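No experiment lies behind these values; they were computed from the predicted model shown. Throughout, a chain's letter reflects where its sequence line sits, starting with A, and its residues are numbered from 1.
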Amino acid sequence: MSIRVRFAPSPTGYLHLGAARAALFNYLYARQKGGKFLLRIEDTDLERSTDESTRSILDGLKWLELEYDEQIVFQSENADKHRAAALKLLNEGKAYRDFTPKAERAEGNIKDAIAEKARASQGEKNMRDNPFRDLSREESEGRAEAGEPFAIRLKVGERGTTSFDDAVFGLQERDYSEIEDLVLLRSDGHPLYNLAVVCDDIEMQITDVIRGQDHLTNTHKQILIYDALVATKPRFAHLPLILAPGGKKLSKRIHGEIVSLTTYRDAGFIAAAFRNFLALMGWSPKTEQEIMNLPELIAAFSLENINRSSAIFNFDANNPKRWTDDKALWMNAEYIRTMPLEELLPLVKAELKSAKLWREEYEDDDQAWFEKTVDLIRSRFFTLKDFSSQGRAFFSEDFDFDETALKKNLWKEPQLKMWMPELADKLETVEQFDHDEVQQAVSEFAEANGVKVGLIANAARAMITGQAVGASMFEIMSHLGKERVTKRLRSQIPFSFAG
RNA sequence: GUCGCGUUCGUCUAGGGGUCUAGGACACCGCCCUUUCACGGCGGUAACACGGGUUCAAAUCCCGUACGCGAUACCA
């Protein structure tokens with residue numbers, strides 16, 4: 001039987017990093033096995049689900065290049081089937097009507113309220129003590145026909161255990177006494193999560209359920225539903241969670257946009273790099289190779305090599321340089337400087353476009369110049385954003401001067417204010433404005449003034465690029481051309497706000 | 001509370017009885033290269049949560065403790 005897996009997010013927000021990784025693992029597994037990777041939007045919570053969220057999920061998957069097979073399944077469209085399944089179980093006596101009035105939902109933190117309730121009823125709680133569990137069929141139907149509202153609960157056996165062999169966490173067992181008679185259908189007829197998931201997974205013929213560890217205990221409930229429905233159970237693989245620094249939960253409320261996949265796209269990450277980084281969170285190829293492209297990831301992936309312990313996504317909200325995980329940033333830089341130039345160019349183009357720095361000539365008369373520029377500056381950049389910020393002087397006459405560059409390379413020597421225009425005059429006389437000739441001119445200039453070449457070169461760098469760092473100055477000068485270089489060297493603007 | 005799961009450098013991880021004076025990567029520090037900064041090269045700091053046991057031998061197996069996480073809903 002061929003492998004069929006699914007990614008089943010609920011559209012109640014943006015695509016969370018943990019969810020994105022779950023999607024990735026499902027995708028890798030499906031592709032490796034020659035199976036299908038399906039997408040199901042679990043939008044049964046009508047109050048929280050939004051189309052915008054669905055769009056953001058789709059955008060995220062598209063960005064990571066995780067193409068799904070077949071049609072998207074919207075869980076809400078299957079509600080009738082879910083209801084039918086619950087009714088079937090009711091008719092078969094495997095479920096029962098619970099006429100207990102629906103409890104008011106507690107205010108504030110729901111999780112805390114649940115835990116508190118559980119603590120309070122500790123010791124006296126018998127999962128089978130529902131008075132409606134053994135109501136006679138006649139009475140149950142009678143009350144239902146009289147219009148009394150009821151929920152449908154699964155009738156969990158008095159004695160027994162559920163068990164499954166998780167591909168990641170190993171053998172899992174749970175005693176029936178620890179599983180309540182879970183609600184299948186709300187009193188308003190709305191099917192609940194565990195029922196919906198099982199029904200849909202059966203219908204979609206899912207063979208392997210790969211999802212977050214937060215569903216590990218849900219799985220026992222779902223197994224009970226599979227059994228009641230007399231359906232074949234899929235294999236389960238639960239993924240360790242991705243946590244925030246300090247081992248806390250990575251949440252939108254506390255950590256903000258850092259947990260959203262689209263943040264990384266918008267921050268100038270290369271999809272392949274982020275995908276690579278994500279793959280290494282909780283999974284290891286067991287080799288020392290870390291930079292892996294998609295085919296390599298597909299070939300190396302295995303459920304068995306997924307870790308059981310949660311991984312921490314490291315970042316420091318108070319440090320702009322460490323706004324996200326160091327390793328993710330490093331990996332992105334690694335991709336930027338080593339990926340084939342032709343693959344990088346369109347990404348840089350998109351970035352320049354969004355920064356309003358793009359010029360059509362870059363794909364026409366100036367194409368060679370553009371390509372060389374990108375190649376010249378890419379090795380020092382961490383994200384695509386750097387092309388329009390640090391690299392701005394290459395694409396526009398209107399660029400800012402980095403304060404460090406000015407302080408360190410320009411203002412420390414008062415003479416430079418005079419020397420820079422003089423250097424421009426000197427360069428004006430260079431016939432062949434190439435690397436060697438420029439270097440010679442600058443060297444001669446430095447010597448004539450009795451200073452090191454470095455002093456002049458670095459001052460010129462600040463004048464010409466606004467930056468303290470960059471490629472070889474002579475390379476940059478010859479690349480930018482005599483006209484732009486001399487003009488910038490004659491500008492007195494960088495000196496005007498000194499002190 | 002109960003149940004489940006976890007715990008190797010700051011972080012991602014390798015290692016699953018002897019080859020571990022615990023390997024790699026990021027980050028950090030130093031040196032080399034260099035007009036700057038990166039890259040690259042070389043080197044360094046840095047970890048088996050704790051306590052018992054089993055064994056000739058434990059990071060590795062067992063038990064306990066601590067801590068963390070998850071679940072415990074007419075949410076998904």
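Annotation: C26(B) and U45(B) have their C1' atoms spaced 15 Å apart (nearest Å). For the P atom pair drawn from G6(B) and A14(B), the interatomic distance equals 14 Å after rounding to whole Å. Atom C1' of A46(B) sits at a distance of 12 Å from the matching atom of A22(B), rounded to the whole Å. If you take atom C1' in G52(B) and the same atom in A47(B), they sit 22 Å apart, rounded to whole Å. A66(B) and G24(B): their P atoms are spaced 36 Å apart (whole Å). The same atom, P, is picked in C63(B) and in G23(B); the two are 30 Å apart, to the nearest Å. Distance noted for atom P between A25(B) and G41(B): 10 Å (whole Å). Across U13(B) and U8(B), the matching C1' atoms stand 9 Å from one another, rounded to whole Å.
Atom CD1 in I179(A) sits roughly 18 Å away from atom P in U2(B) (whole-Å rounding). Taking atom CZ of residue R337(A) and atom C1' of nucleotide A38(B), one finds them 8 Å apart after rounding to whole Å. What separates CG of N409(A) from P of U34(B) is a distance of 19 Å, to the nearest Å. Protein atom CG of N305(A) is 15 Å distant from nucleotide atom C1' of C12(B), rounded to whole Å. Per the geometry, CZ belonging to F313(A) stands 17 Å off P belonging to C26(B), to the nearest Å. Put simply, CG on D316(A) is 16 Å from C1' on C26(B), counting in whole angstrom units. The CD atom of Q439(A) sits 13 Å away from the P atom of U36(B) (whole-angstrom rounding).
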Along nucleotides 67-72 of chain B, 5' to 3', which nucleotides get a B, which get an S, and which get a -, given that the test is a protein heavy-atom distance under 4.0 Å? -SSSSB
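The side chain of Q172(A) lies closest to G4(B) when the candidates are U36(B), G4(B), A25(B). The side chain of S309(A) lies closest to G6(B) when the candidates are U36(B), G6(B), U35(B). Proximity note for R186(A) (side chain, C-beta onward) versus U35(B), C74(B), G4(B): the nearest is C74(B). With distances taken from any side-chain atom of V183(A) to the nucleotides G40(B), C12(B), C74(B), the minimum falls on C74(B). With distances taken from any side-chain atom of R322(A) to the nucleotides C28(B), C5(B), A14(B), the minimum falls on C28(B). When distances run from any side-chain atom of R380(A) to the nucleotides U36(B), U13(B), A25(B), the shortest one goes to U36(B). Which of G24(B), C75(B), C12(B) sits closest to the side chain of I312(A) comes down to C12(B). For A311(A), counting side-chain heavy atoms from C-beta on, the closest listed nucleotide (A76(B), C37(B), C12(B)) is C12(B). Proximity note for D325(A) (side chain, C-beta onward) versus U13(B), A76(B), U11(B): the nearest is U11(B). Proximity note for W330(A) (side chain, C-beta onward) versus A27(B), C12(B), C28(B): the nearest is A27(B).
Residue Y14(A) is tested with I57(A), V259(A), L261(A) for a side-chain contact (heavy atoms from CB on, under 4.5 Å); the sole match is V259(A).
Ring geometry for Y226(A) versus F236(A): interplanar angle over 60°, hence perpendicular rather than tilted (30 to 60°).
Contact between the side-chain N/O atoms of R308(A) and the OP1/OP2 oxygens of C5(B) is not found at any separation under 4.0 Å. For U11(B), the OP1/OP2 oxygens have no side-chain nitrogen or oxygen of K327(A) closer than 4.0 Å.
At a cut-off of 3.5 Å, with distance as the only test, a side-chain donor of N194(A) or Q222(A) sits close to an acceptor on the other residue. Using modelled atom types, one finds a donor on one side chain and an acceptor on the other under 3.5 Å when comparing D200(A) with Q75(A).
With hydrogens and angles ignored, the 3.5 Å screen pairs no side-chain donor or acceptor of R97(A) with any backbone N or O of F150(A).
Remark: I225(A) CD1 to T162(A) OG1 distance equals 11.5 Å, nearest 0.5 Å.
Taking the centre and axis of the six-membered ring of F99(A), the NZ or CZ atom of R143(A) falls inside the cone set by 45° and 6.0 Å.
R21(A) has its side chain out of reach of L17(A): every pair of non-hydrogen atoms, C-beta onward, lies at least 4.5 Å apart. Between F433(A) and L427(A), the closest side-chain pair of non-hydrogen atoms falls below 4.5 Å.
Within 4.0 Å of S472(A), counting heavy atoms only, lies at least one base atom of the nucleic acid. Using a 4.0 Å heavy-atom distance criterion, M473(A) is classed as a base contact.
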